[in-house]
Amino acid sequence: MPKKDEMNFFEQVFEVVKLIPPGKVTSYGAIAKYLGMAKSSRMVGWAMNQSHFLKDKIPAHRVVNRNGMLTGKAHFENHEQMKFLLEKEGLLIKNDTIMNFEKHFWNPADELKL
DNA sequence: GTCATGACAAAGA
DNA sequence: TTCTTTGCCATGA
């Protein structure tokens with residue numbers, strides 16, 4: 001168990017993101033709400049930015065905004081990578097937006113049942 | 001300690 | 001409906 005100081009909200013975000021099953025996506029707000037920071041959805045996106053510096057593989061491509069739009073694609077090494085990974089998992093991307101977003105939506109609060 | 005920024009979200013025009 | 005504004009809070013300068 002990491003120390004309390006090391007369990008900052010970033011790691012909690014990473015834990016949730018890593019639990020996202022393949023072929024599923026979630027929103028920043030959903031993660032934020034699950035962690036009890038519904039009003040700090042921006043911090044989730046901030047955490048994702050830090051995820052690139054982590055050794056752990058964070059499936060950040062499965063996290064999009066509430067519209068299902070790939071707003072974070074610009075932060076990937078290749079802009080096509082995010083779309084590619086999602087399509088590879090069976091999702092349909094059109095114009096940087098996930099089609100049937102609700103259908104593939106993965107709600108941590110519902111799946112993890114805190 | 002104050003100010004600016006950020007991969008968002010909700011409300012208003 | 002789309003575009004703009006406001007709130008939110010953790011980081012870094």
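Being a predicted model, the structure only gives us computed values, none of them experimental. Here is how names work: the chains are called A, B, and so on, in the same order as the sequence lines, proteins then strands, and each is numbered from 1.
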Just the rounded figure in Å: distance from P of B:dT5 to CG of A:N49. 16 Å
Length of the CD1-C1' vector between A:I31 and B:dC8, whole Å: 11 Å
Of the options B:dA9, C:dC9, B:dA7, whose atoms approach the side-chain atoms of A:S51 most closely? B:dA7
What's A:N65 touching, base or sugar-phosphate or nothing? Going by heavy atoms closer than 4.0 Å. sugar-phosphate
Of B:dA9, C:dA10, B:dA7, the nucleotide closest to the side chain of A:W46 is C:dA10
Distance, rounded to the nearest Å, where A:F101 contributes CZ and B:dC8 contributes C1': 12 Å
Given that both distances must come in under 3.5 Å, which nucleotide forms a Watson-Crick or G-U wobble pair with B:dA7? none
Is any N or O donor-acceptor pair between the side chain of A:H52 and the base of B:dA7 shorter than 3.5 Å? yes
Who does B:dG1 pair with, Watson-Crick or G-U, both distances under 3.5 Å? none
Integer-rounded Å distance: B:dA7 C1' and A:Q81 CD: 16 Å
If you apply the rule side chain to side chain contact (heavy atoms under 4.5 Å, CB included), what do you find for A:V17 with A:R62, and how did you get there? CA-CA 8 Å; A:V17 175; A:R62 295 179 190 149; 5.9 Å; no
Tell me: CZ of A:F10 to P of C:dC9, nearest whole Å? 15 Å
Quick one about A:H61 and A:E89 (side-chain donor to acceptor, distance below 3.5 Å, no hydrogens or angles considered), yes or no? yes
For A:V64 and A:T71, what are the C-alpha separation, side-chain angles and deciding distance, and is it a side chain to side chain contact (heavy atoms under 4.5 Å, CB included)? CA-CA 7 Å; A:V64 295; A:T71 54; 5.8 Å; no
A:A60 has a side chain; which of C:dA10, B:dA7, B:dC8 sits nearest to it? B:dA7
Single hit among A:V63, A:V25, A:L86 for side chain to side chain contact (heavy atoms under 4.5 Å, CB included) with A:L70: A:L86
Is a donor-acceptor pair below 3.5 Å formed from side chain A:S41 to base B:dC8, judging by atom type as modelled? yes
Checking the side chain of A:H52 only, and the main-chain atoms of A:H75 only, is there a donor and an acceptor separated by less than 3.5 Å? yes
Report the residue (A:R42 or A:Q50) whose heavy-atom-nearest nucleotide on DNA chain C is the more 5′ of the two. A:R42
Per atom distances to the A:K39 side chain, the nearest of C:dC8, B:dA7, C:dT11 is C:dC8
Whole angstroms only, please: what is the CD1-P distance between A:I58 and B:dA7? 18 Å
Rounded to the Å, how far apart are A:N67 CG and C:dC3 C1'? 13 Å
Whole angstroms only, please: what is the CE-P distance between A:M37 and B:dA9? 13 Å
